[in-house]
Enquirer: 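Structure provided below as structure tokens; questions to follow.
So that the names make sense, note that chain A is the first sequence line, chain B the second, and so on, each numbered from 1.
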There are 2 protein chains.
Amino acid sequence: MSNCSHCIMKRFNALKTLTHDELERFSDHKTSIIIKKGENIMTEGNSINGLYCIQDGKCKLTKLNTNGKEQIIKFIKGGDILGHRSILSEEPVGLNATALEDMRVCFIPKGDILESIKDNPQFSLNLIKNISLQLSHANTAISQMAQKPVKDRLAETLLSLEEIFGVDNEDCIDVILTREEIANTIGTATESAIRLLSNLKKDGVIDLLGKKIKIINKNALKNISEGY
Amino acid sequence: MSNCSHCIMKRFNALKTLTHDELERFSDHKTSIIIKKGENIMTEGNSINGLYCIQDGKCKLTKLNTNGKEQIIKFIKGGDILGHRSILSEEPVGLNATALEDMRVCFIPKGDILESIKDNPQFSLNLIKNISLQLSHANTAISQMAQKPVKDRLAETLLSLEEIFGVDNEDCIDVILTREEIANTIGTATESAIRLLSNLKKDGVIDLLGKKIKIINKNALKNISEGY
DNA sequence: TCCTATTTATGACAAATATCATTTATTTTT
DNA sequence: AAAAATAAATGATATTTGTCATAAATAGGA
């Protein structure tokens, strides 16, 4: 099994402040998991007893509404970590993490994480910063959901998806989402999302190649996202 | 000037884990401030060099949208703290904190807070829990903004306002908000908020006494907030 | 206390968005 | 490769929500 000391994860996030000894301890206790597309890494309301390091693959963090609708809160990719909020706050997981494609994930038991939090102030500070940043993004999202029309939110979401996942060799946003998932991200009906995507294509702002989306005019998209 | 050791604040929040010595240190360095209705305690984008303890009074945390609209993210009252997120994440303040009425606030310099964070793991853990809880609430808010109609969100907000501020001696929700502020909380036009409030009154679910709002049928309101 | 400014309220209408129905395209299964 | 299932696209229509206009009520200042 691979060793945490050499893992790409430690280039990212809070993990980069871990010492060699801490990484060795993680290595000894970690388990590697394969999550198939559509499966959950974590499930809303469940308790969790460790930290997940995403080696490879993408997932969506969702919340099920009282009306049965799924809201996508955030996207996660290789190099991200999951579960630290729940460990720190000692509360159940608040979101579902569902694989958008097959994933490789490492699980590090809670005990090891807590030990590093106790011993390594820089590590815990970085975890706090991570959560703070998420809160800051969430507040922005509340504001935009509440006050921007669907078209603006779609434009914003497309820009943000390209930001997060980058582009493939055909310059398409490098993530495969159904139209329903896009709708569940911006908070609208699937048909509305489809219609607005078609309009953006007609206006030459984006191109649609099956499920793949290519941003053609990023400036136009930025303007739309700001209501122009 | 009053002493932190005897302050009501230490019954609440993260501050309850502070030692007597820490509180004495806070006492020596703290300043008391009066914030007049309409004034800002903190302003979006500004940096901050301490923690605010709300002794008395209410304020709103808002975000100004690119389209110039104000979104109310959260309400704050006596016993709450402000600014800890910014201190921990070493980032500018993300929200405006504007007094809804005259307020008494204590300011504790950043240095003292950071010292306690370093020395007192329980204190920093409680700060983290506070931020985590806020994140959890924010995610719920995103989901509801995105997927619930305005009427449901209004019902939800009224229940939540009563939860936060309690009721006065006439059983009215104990906070004075303009209709515009209510609209900016649920993310709708002022006229829409007014209309829906009128409807709720007509249906006997709430009563409107000037700016004061009394919840008459809490169950009906709960049902509305869940889409029934 | 009166005057003025702001806030609340309500109607009329316009725009945005959702829902339903149907067709076409794509993916998955057999 | 064909059949079945799922997803995407689009039109028609209903509903929700926003905007503008105006009147009534309330609050704040001279």
Side-chain angles (χ1 to χ4, degrees), chain A residues 36-38 65 67-71 100-102 144-158 172 175-203 206-214 224-225 227-228, chain B residues 36-38 65 67-71 100-102 144-158 172 175-203 206-214 224-225 227-228:
Chain A
K36 287 287 196 180
K37 177 177 175 176
N65 231 327
N67 52 23
K69 287 182 195 162
E70 168 187 290
Q71 178 63 37
L100 293 167
E101 52 189 47
D102 293 356
Q144 300 198 337
M145 283 293 181
Q147 309 212 331
K148 284 192 175 177
V150 178
K151 188 179 178 183
D152 303 25
R153 283 166 12 220
L154 174 59
E156 172 80 34
T157 294
L158 292 177
C172 292
V175 63
I176 299 286
L177 298 172
T178 64
R179 298 295 192 252
E180 189 181 9
E181 283 169 329
I182 292 175
N184 291 347
T185 306
I186 64 183
T188 190
T190 305
E191 296 93 325
S192 297
I194 289 173
R195 251 181 266 272
L196 291 168
L197 283 170
S198 297
N199 290 349
L200 288 176
K201 178 179 178 175
K202 206 168 56 194
D203 296 344
I206 63 171
D207 201 5
L208 300 172
L209 306 143
K211 288 205 204 327
K212 284 277 184 180
I213 300 173
K214 186 187 329 197
I224 293 168
S225 80
Y228 302 114
Chain B
K36 288 285 193 183
K37 178 178 175 177
N65 232 328
N67 52 24
K69 289 183 193 159
E70 168 187 289
Q71 178 63 37
L100 294 168
E101 53 188 47
D102 292 356
Q144 298 197 338
M145 284 293 181
Q147 309 212 330
K148 282 190 175 179
V150 177
K151 187 178 179 183
D152 303 25
R153 297 192 325 248
L154 173 60
E156 173 78 34
T157 294
L158 292 177
C172 292
V175 64
I176 300 285
L177 297 173
T178 65
R179 300 294 192 253
E180 189 181 8
E181 284 170 329
I182 293 175
N184 291 348
T185 307
I186 65 183
T188 191
T190 305
E191 296 95 324
S192 297
I194 290 172
R195 250 181 266 272
L196 290 168
L197 283 169
S198 299
N199 290 348
L200 287 175
K201 178 179 180 175
K202 206 169 58 196
D203 296 346
I206 63 172
D207 202 3
L208 301 173
L209 306 144
K211 287 205 207 325
K212 284 276 186 182
I213 299 172
K214 185 184 334 196
I224 293 168
S225 80
Y228 302 114

Enquirer: Please report, rounded to the nearest Å, how far the C1' atom of dT17(C) is from the NZ atom of K69(A).
Expert: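 Whole-Å distance recorded here is 11 Å.
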Enquirer: Indicate yes or no: at least one non-hydrogen side-chain atom of L177(A) is less than 4.5 angstrom from one of K211(A).
Expert: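 No, their side chains stay 4.5 Å or more apart.
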Enquirer: Check every strand shown and say whether T188(B) touches a base, only sugar-phosphate, or nothing at a heavy-atom separation below 4.0 Å.
Expert: sugar-phosphate
Enquirer: Rounded to whole Å, how long is the line connecting atom NZ of K202(B) with atom P of dT10(C)?
Expert: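 It works out to 9 Å between those atoms.
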Enquirer: Going by the side-chain contact (heavy atoms from CB on, under 4.5 Å) test, name the single residue among I206(A), T185(A), I182(A) that passes it with L154(A).
Expert: I182(A)
Enquirer: Could you check L197(A) against A146(A) and say which one's nearest nucleotide on DNA chain D is further toward the 5' end?
Expert: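 With L197(A) and A146(A) compared, the 5'-side residue is L197(A).
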Enquirer: So what does S198(B) hit on the nucleic acid, given a heavy-atom distance under 4.0 Å: a base, only sugar-phosphate, or nothing?
Expert: sugar-phosphate
Enquirer: Starting from C1' on dA7(D), measure out to NZ on K212(A) and report it in whole angstrom.
Expert: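 Distance, rounded to whole Å: 17 Å.
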Enquirer: To the nearest 0.5 Å, tell me how far Q144(B) CD sits from T157(B) OG1.
Expert: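 One finds 8.5 Å between CD of Q144(B) and OG1 of T157(B).
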Enquirer: How many Å lie between CD on E191(A) and C1' on dT17(C), as a whole number?
Expert: 11 Å
Enquirer: Side chain of I194(B) only, please: which of dA16(C), dA9(C), dA21(C) is the nearest?
Expert: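 Ranking dA16(C), dA9(C), dA21(C) by closest atom to the I194(B) side chain puts dA9(C) first.
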Enquirer: Are D207(A) and K201(A) close enough that some pair of their side-chain heavy atoms sits under 4.5 Å apart?
Expert: yes
Enquirer: Tell me: NZ of K148(A) to P of dG18(D), nearest whole Å?
Expert: 16 Å
Enquirer: When rounded to the nearest 0.5 angstrom, what is the spacing between CZ in R153(A) and CG in L196(A)?
Expert: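 It comes to 10.0 Å.
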Enquirer: R179(B) side chain: which of dT19(C), dT10(C), dT8(C) is closest?
Expert: dT8(C)
Enquirer: Which comes earlier along DNA chain C counting from the 5' end, the contact point of R195(B) or that of R195(A), where each point is its nearest nucleotide?
Expert: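 Final value for this comparison: R195(B).
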Enquirer: Give the rounded distance in Å between these two atoms: CG of L196(B) and P of dG18(D).
Expert: 9 Å
Enquirer: What distance separates N184(B) CG from E70(B) CD, expressed to the nearest 0.5 Å?
Expert: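 These two atoms lie 5.0 Å from each other.
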Enquirer: Under 3.5 Å, which N/O atoms of the protein pair with N/O atoms of nucleotides 26-30 of chain C?
Expert:
none

Enquirer: Taking atom P of dA8(D) as reference, at what distance in whole Å does atom CD of E180(A) sit?
Expert: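 Those two atoms, CD and P, are 8 Å apart.
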Enquirer: Between dC20(D), dT17(D), dA16(C), which one does the side chain of P149(A) approach most closely?
Expert: dA16(C)
Enquirer: Could you measure the distance from the CD1 atom of I213(A) to the CD1 atom of I176(A)? Nearest 0.5 Å is fine.
Expert: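 The CD1 atom of I213(A) sits 9.0 Å away from the CD1 atom of I176(A).
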Enquirer: Rounded to whole angstroms, how far apart are CZ on R153(A) and C1' on dA16(C)?
Expert: 11 Å
Enquirer: Check the phosphate of dA18(C) against S192(A), side-chain N and O only, distance under 4.0 Å to OP1 or OP2. Yes or no?
Expert: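 Affirmative; the distance criterion is met.
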